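This is a predicted model, so every value here is computed, not measured.
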Amino acid sequence: NVPTARRGNLEAFAAAIELGSALEAPFINVLVGRAVAGVSLSSQWDIAVGMFRELAGHAARAGVTIVIEHLNEHDVPGALVSTPKAAAGLVEAVGSDHVRLLYDAYHAAMAGIDPVRDVGAYVGLISHVQYADSPGRGAPGTGTIDFTAFLESLDTAGYTGKVGLEFI
């Protein structure tokens, strides 16, 4: 039910803004979710764009930025936004400075993408970066993503923000 979901999303976002304000957090990660069976992907995309445009207005008034994270299909089957390219497309479709990309090296690698080579393509849309090694979602050096090369790629592309380590 779209009206019920919309109301729930707005309430959850208001709570996230309240908590984020208390913590002085500049970003709020809003997950897109999974594709819904029986509803066309284009309809779901349009609903997501509309929802993020509405949330962007709330984010602007609160002085925060929403970040959209891509989630790989292996860990999140049916993820509506499963690659950095899809997340970047959603950010661009929303068209607000208050909705940006959260680039996740682990999720990119699990989607079969080399984050060292890929991340530079999105640096103009990125407001936050997360790293865990892949496979296994471990600390740097436990998988196949060269952490140093990843950081060098970000630096070469001109990224000046933070890199969060999100590993098990």
Candidate pair R61 and I17, rule side chain to side chain contact (heavy atoms under 4.5 Å, CB included), full reasoning: CA-CA 10 Å; R61 286 187 289 282; I17 286 175; over 6 Å; no

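- Counting only distance, with no hydrogens or angles, the side chain of R100 and the backbone of G124 share a donor-acceptor pair below 3.5 Å.
- Note on V116: it clusters hydrophobically with L125, by side-chain heavy-atom contacts below 4.5 Å among ILVMFWY residues.
- From T142, atom OG1 reaches atom CZ of F147 across 11.5 Å, with rounding to the nearest 0.5 Å.
- Sorted by first and then second residue, the salt bridge (Lys or Arg N to Asp or Glu O under 4.0 Å) pairs involving residues 150-168 (not counting sequence neighbours) are R137-E166.
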Pairs of donor and acceptor atoms involving the side chains of residues 78-90, under 3.5 Å and at least two apart or interchain, shall be tabulated with distances.
{"from": "T83", "atom 1": "OG1", "to": "A86", "atom 2": "N", "distance (Å)": "3.0"}

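- Atom CZ of F27 is separated from atom OG1 of T65 by 5.5 Å, given to the nearest 0.5 angstrom.
- Distance check, rounded to the nearest 0.5 Å: CG of L102 to CD1 of I28 gives 13.0 Å.
- Counting non-hydrogen atoms of neighbouring residues, nucleotides and ligands closer than 6.0 angstrom, the CD atom of E18 reaches no more than 12 such neighbours.
- Under a hydrophobic-cluster definition in which Ile, Leu, Val, Met, Phe, Trp and Tyr are linked whenever side-chain heavy atoms come within less than 4.5 Å, directly or via other members, V49 and M51 are assigned to the same cluster.
- Within the 3.5 Å criterion, the main-chain N or O of G95 finds no donor-acceptor partner in the side chain of R53.
- At a threshold of 4.5 Å between side-chain heavy atoms, the hydrophobic network of Ile, Leu, Val, Met, Phe, Trp and Tyr places V129 and V99 in one connected group.
- Cluster membership check: I68 shares its hydrophobic cluster with L55, using side-chain heavy-atom separations under 4.5 Å among Ile, Leu, Val, Met, Phe, Trp and Tyr.
- Here salt bridge (Lys or Arg N to Asp or Glu O under 4.0 Å) pairs that include residues 29-43, with residues two or more places apart or in two chains, number zero.
- In this structure, CG on D104 lies 8.5 Å from NE2 on H128, to the nearest 0.5 angstrom.
- Here the straight-line distance linking atom CZ of R7 with atom CD of E11 works out to 7.0 Å at 0.5 Å rounding.
- The backbone N or O of G138 sits nowhere less than 3.5 Å from a side-chain atom of D133 that would complete a donor-acceptor pair.
- Put simply, the side chain of H98 gets close to the backbone of V64: a donor and an acceptor are under 3.5 Å apart.
- Note that the CD1 atom of I113 and the OG atom of S134 stand 11.0 Å from one another [nearest 0.5 Å].
- Checked by atom type and distance alone, the side chain of Q44 pairs as donor or acceptor with a backbone atom of V36 at under 3.5 Å.
- The minimum heavy-atom distance linking G141 with Y131 is given by the pair N-OH, 4.4 Å.
- For the side-chain contact (heavy atoms from CB on, under 4.5 Å) with Y103, the lone residue among D118, V67, V123 that qualifies is D118.
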Y106 vs D75, side chain to side chain contact (heavy atoms under 4.5 Å, CB included): CA-CA, chis, key distance, verdict: CA-CA 11 Å; Y106 166 78; D75 291 341; 2.5 Å; yes

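- Contact between S127 and Y159 at its shortest, heavy atoms only, is O-OH, 3.9 Å.
- Hydrophobic clustering of Ile, Leu, Val, Met, Phe, Trp and Tyr side chains at less than 4.5 Å, counting indirect connections, unites V30 with L10.
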Working for side chain to side chain contact (heavy atoms under 4.5 Å, CB included), residues I66 and F13: CA-CA 10 Å; I66 295 167; F13 191 68; 3.6 Å; yes

Derivation of the side chain to side chain contact (heavy atoms under 4.5 Å, CB included) call for V119 and I126: CA-CA 9 Å; V119 71; I126 297 172; 3.8 Å; yes

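- A105 and P115 get closest at one heavy-atom pair: O-CG, 3.7 Å.
- Across all their heavy atoms, A35 and L41 have their closest contact at CB-CD2, 3.9 Å.
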